[in-house]
Amino acid sequence: MTLTFDGTVIVPAADPDDGERTARALQGHLEPSSTVIAVNVIEKAGGGIDKAPMEQREDHAGDIFERIRSVLDESPAAVETEVLYGTDVVERIFEAAREEQADAVVFNAREGNRIAEFLTGNVARRLVKEASVPVVALPQTEP
């Protein structure tokens, strides 16, 4: 059985490599009726000092979306991109999924060590554990 997405999926990406890797893993699962909404969440500090200037972070999101489009523009799916803003990345992803009435949140987990997971809050783990819509972790693909 081959998994296909024939509706709307939210595809979060943290950096250009992550976006391209996820797009490559996703491309074979798309149909003409698929809509991919690639998102990058710019985490706001909630009253504190932000991690980087907003323009720099928005440019980074643009780089992510360019890499995703470079893979998915040849797919049969419609591809949209959206920069999201919030104080909690995971909550904001699920909020977007509900707003877009997405069928699923789809991602490709990055390999990382426990220290990196601890420091980053392990978004992938939280996506699975706190899911308010179906979540699909795509298998790793060859580069």
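Side-chain atoms are counted along with the backbone in the values below, which use heavy atoms only and exclude waters and symmetry mates.
Side-chain contact between Ile10 and Phe94 is absent, with no heavy-atom pair separated by less than 4.5 Å. The closest side-chain heavy-atom distance from Glu58 to Ile42 is below 4.5 Å. In this structure, the side chains of Asp88 and Arg126 come closer than 4.5 Å at one or more pairs of heavy atoms. A 4.5 Å side-chain heavy-atom check between Ile68 and Glu20 finds every atom pair outside the cut-off. The shortest distance between side-chain heavy atoms of Val136 and Val105 does not fall below 4.5 Å. Within the 4.5 Å cutoff, the side chain of Phe65 has no heavy atoms near those of the His60 side chain. Counting only heavy atoms from C-beta outward, the side chains of Arg57 and Glu43 approach each other to under 4.5 Å. No side-chain heavy atom of Val41 sits under 4.5 Å from any side-chain heavy atom of Pro12.
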Does Ile93 form a side-chain contact (heavy atoms from CB on, under 4.5 Å) with Phe107? I'd like the steps, not just the answer. CA-CA 11 Å; Ile93 290 167; Phe107 72 101; over 6 Å; no
Using side-chain contact (heavy atoms from CB on, under 4.5 Å), reason through Val11 and Ile37 one step at a time and then give a plain yes or no. CA-CA 6 Å; Val11 178; Ile37 303 175; over 6 Å; no
Test Asp17 against Arg67 for side-chain contact (heavy atoms from CB on, under 4.5 Å), laying out the working first. CA-CA 8 Å; Asp17 291 339; Arg67 295 270 293 274; 2.6 Å; yes
Determine, step by step, whether Glu80 and Val36 satisfy the side-chain contact (heavy atoms from CB on, under 4.5 Å) criterion, reporting the C-alpha distance in whole Å, the side-chain angles of both residues, the deciding distance to 0.1 Å, and the verdict. CA-CA 6 Å; Glu80 301 174 14; Val36 174; over 6 Å; no
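The shortest heavy-atom contact between Val106 and Leu26 is CG1-CD1, 4.0 Å. Here the closest non-hydrogen pair linking Ala13 and Gly19 is CB-CA, 3.7 Å. Here the closest non-hydrogen pair linking Pro139 and Ala25 is O-CB, 3.9 Å.
For the atom pair OG of Ser33 and CG of Asp6, the computed distance is 4.5 Å after rounding to the nearest 0.5 Å. Here CG of Leu72 is found 6.0 Å from CG of Leu30. Values are rounded to the nearest 0.5 Å.
Between the side chain of Asn108 and the backbone N or O of Leu138, at least one donor-acceptor pair lies under 3.5 Å. The backbone N or O of Leu3 lies less than 3.5 Å from a partner atom in the side chain of His29, making a donor-acceptor pair. In this structure, Asp103 contributes its side chain and Val9 its backbone to no donor-acceptor pair below 3.5 Å. Judged purely by atom type and a 3.5 angstrom limit, Arg69 has no side-chain atom pairing as donor or acceptor with the backbone of Ile64. With hydrogens and angles ignored, the 3.5 Å screen pairs no side-chain donor or acceptor of Arg92 with any backbone N or O of Leu84.
Atom CD of Glu66 sits in a sparse spot, with 12 or fewer heavy atoms from other residues, nucleotides or ligands closer than 6.0 Å.
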